[in-house]
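Presented below is the structure to which this report refers.
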Amino acid sequence: GLVYTGIAAAFFVVIGAASGCAHRRAARLEIAQLADDHNLSRVQVRQHRAGVDVAHGLEGFLGASSLEVGEQTFRHDCSGFVNAAYAATGQSLGDRNSAALYDLARSNGVFHKRRRPLPGDVVFFDNTHDRNGNRRLDDKLTHVAVVEKVDDDGTITLVHKGGSGVTRIVMNLRHRRLARDDDGRELNSHLRGKTQRDRRRTRYLAGQLWRGFGSLWRLPDLGVEEP
């Protein structure tokens, strides 16, 4: 009995180690592919591991009824989700709201408008709802999400906290005005609900409402204090 138990324990240790090695190899291959796709230096590749970690953790939030990381509870809204997603990897965004996250990206030079973002990037949107109730398209930075992955055709999978909870949506900046391609595959999710009060120029698709990206994982010290 003792011999069998010892052999079984050793077996599971070996299997666990092998699984860990396989995960690390997969992560290295993914990072190497990102380096090729985005022309990153070795320093930038090592730096982007923080972004990859954020992206890998997003699935664990899907369907969550509350946003909790350890003993910390975050606001149950879109920016609260972004803060929680980063906190899950040990990166603090200081409980910033959408506008403050945008200011953080701009002031640190990590805001960009490239059509192919990197996993872990924060996505900023305008006019996803009529926040001030004036029926004008002047509602800036009304929503944020996080990039999970980018397909070869440019379709970006995002995770966000919306009206249906924490879910995945998609966006394709090569075809910003198309909801679906000729084969029926979704390219841009509807991010704004239609109402009878909408103006003629109102846009509804993720690609149309997109403002830009913030590679906040690049910041060496994200800080822990409120802005």
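Given the structure is predicted, the values throughout are model-derived calculations rather than measurements. All heavy atoms count here, side chains included; hydrogens, waters and symmetry mates do not.
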With side-chain hydrogen bond (donor to acceptor under 3.5 Å, both in side chains) as the test, would you mind laying out the steps for D198 and T195 before giving the verdict?
CA-CA 6 Å; D198 291 345; T195 71; 2.8 Å; yes
Residues D138, R136: salt bridge by 4.0 Å N-O rule:
no
Determine whether a donor-acceptor pair (N or O, by modelled atom type, separation under 3.5 Å) exists between the side chain of N108 and the backbone of A105.
no
Say whether, by atom type as modelled, one donor and one acceptor occur between the side chain of S92 and the main chain of G94 under 3.5 angstrom.
yes
Rounded to the nearest 0.5 Å, how far apart are CD of E148 and NE2 of H56?
8.5 Å
Report the C-alpha separation of D130 and R197 in whole Å, then their side-chain angles, then the decisive distance to 0.1 Å, and conclude whether the side-chain contact (heavy atoms from CB on, under 4.5 Å) test is met.
CA-CA 10 Å; D130 187 10; R197 301 178 69 250; 4.0 Å; yes
Please determine whether the number of non-hydrogen atoms from other residues, nucleotides or ligands lying under 6.0 Å from atom CZ of R115 exceeds 12.
no
Under 4.5 Å between side-chain heavy atoms, hopping through other hydrophobics if needed: is there a path connecting Y86 to V110?
yes
Has R211 got its NZ or CZ under 6.0 Å from the middle of the six-membered ring of Y102, at an angle within 45 degrees of the ring axis?
yes
In short, F74 meets A87 closest at the heavy-atom pair CZ-CB, 3.5 Å
Run the numbers on H112 and F213 for ring-ring contact (aromatic ring centres under 6.0 Å, His included), then give the verdict.
CA-CA 5 Å; H112 68 89; F213 300 104; 5.3 Å; yes
Hey, any chance V170 and L187 share a hydrophobic cluster, counting ILVMFWY side chains that come within less than 4.5 Å of each other, even indirectly?
no
Walk me through whether N172 and T155 qualify under side-chain hydrogen bond (donor to acceptor under 3.5 Å, both in side chains).
CA-CA 4 Å; N172 191 309; T155 301; 3.0 Å; yes
Is it true that, when you exclude E59 itself, more than 12 heavy atoms of the residues, nucleotides or ligands shown sit nearer than 6.0 Å to its CD?
no
In terms of heavy-atom contacts, A145 and F125 come closest through CB-CE1, 4.3 Å
Considering only heavy atoms from C-beta outward, does the side chain of P117 approach that of V123 to under 4.5 Å?
no
When you measure from the side chain of D181 to the backbone N and O of G184, does any donor-acceptor pair fall under 3.5 Å?
yes
I'd like to know if the side chain of S215 and the backbone of D121 have a donor-acceptor N/O pair within less than 3.5 Å.
no
Under a 4.0 Å threshold between the charged nitrogen and the carboxylate oxygen, would R75 count as salt-bridged to D95?
yes
Criterion side-chain contact (heavy atoms from CB on, under 4.5 Å) on L67 and V166, from CA distance to verdict:
CA-CA 9 Å; L67 299 174; V166 181; 4.1 Å; yes
Can you measure from CG (N83) to CG (L101) and round to the nearest 0.5 angstrom?
5.5 Å
d(L118 CG, W217 CH2) to nearest 0.5 Å is 5.0 Å
Check whether R96 reaches the backbone of L93 with its side chain - one donor and one acceptor, N or O, closer than 3.5 Å.
yes
Close side-chain approach of L58 and F81, heavy atoms under 4.5 Å
yes
With a 4.5 Å limit on heavy-atom distance, are the side chains of V146 and V54 in contact?
yes
Would you say the side-chain atoms of N188 pair up with the backbone N or O of A206, donor to acceptor, closer than 3.5 Å?
no
Using the six-membered ring wherever Trp is involved, compare the ring planes of H160 and H143 and label them parallel, tilted or perpendicular (cut-offs 30° and 60°).
perpendicular
Does one hydrophobic cluster hold both W210 and L178, with members joined at side-chain heavy-atom distances below 4.5 Å?
no
side-chain contact (heavy atoms from CB on, under 4.5 Å) between T142 and T128, intermediate numbers included
CA-CA 6 Å; T142 53; T128 57; 2.6 Å; yes
If you round to the nearest 0.5 Å, how far is CD of Q196 from NZ of K194?
12.5 Å
Quick one: does R199's side chain have a donor or acceptor within less than 3.5 Å of a partner on R135's backbone?
yes
Write down the atom of R116, the atom of D151, and the distance for their closest heavy-atom approach.
NH1-O, 2.9 Å
Quick one: closest heavy-atom pair of H190 and A179, and the distance?
CE1-CB, 4.2 Å
Rounded to the nearest 0.5 Å, what separation is found between the CD atom of Q208 and the CG atom of L191?
10.5 Å
Quick one: closest heavy-atom pair of L141 and S98, and the distance?
O-CB, 3.5 Å
Which pair of non-hydrogen atoms, one from R192 and one from N127, has the smallest distance, and what is that distance?
NH1-O, 2.8 Å
Kindly work out whether a path of hydrophobic side-chain contacts (I/L/V/M/F/W/Y, heavy atoms less than 4.5 Å apart) joins L137 to L205.
no
What's the separation between atom CG in L158 and atom CZ in R168, rounded to the nearest 0.5 Å?
11.0 Å
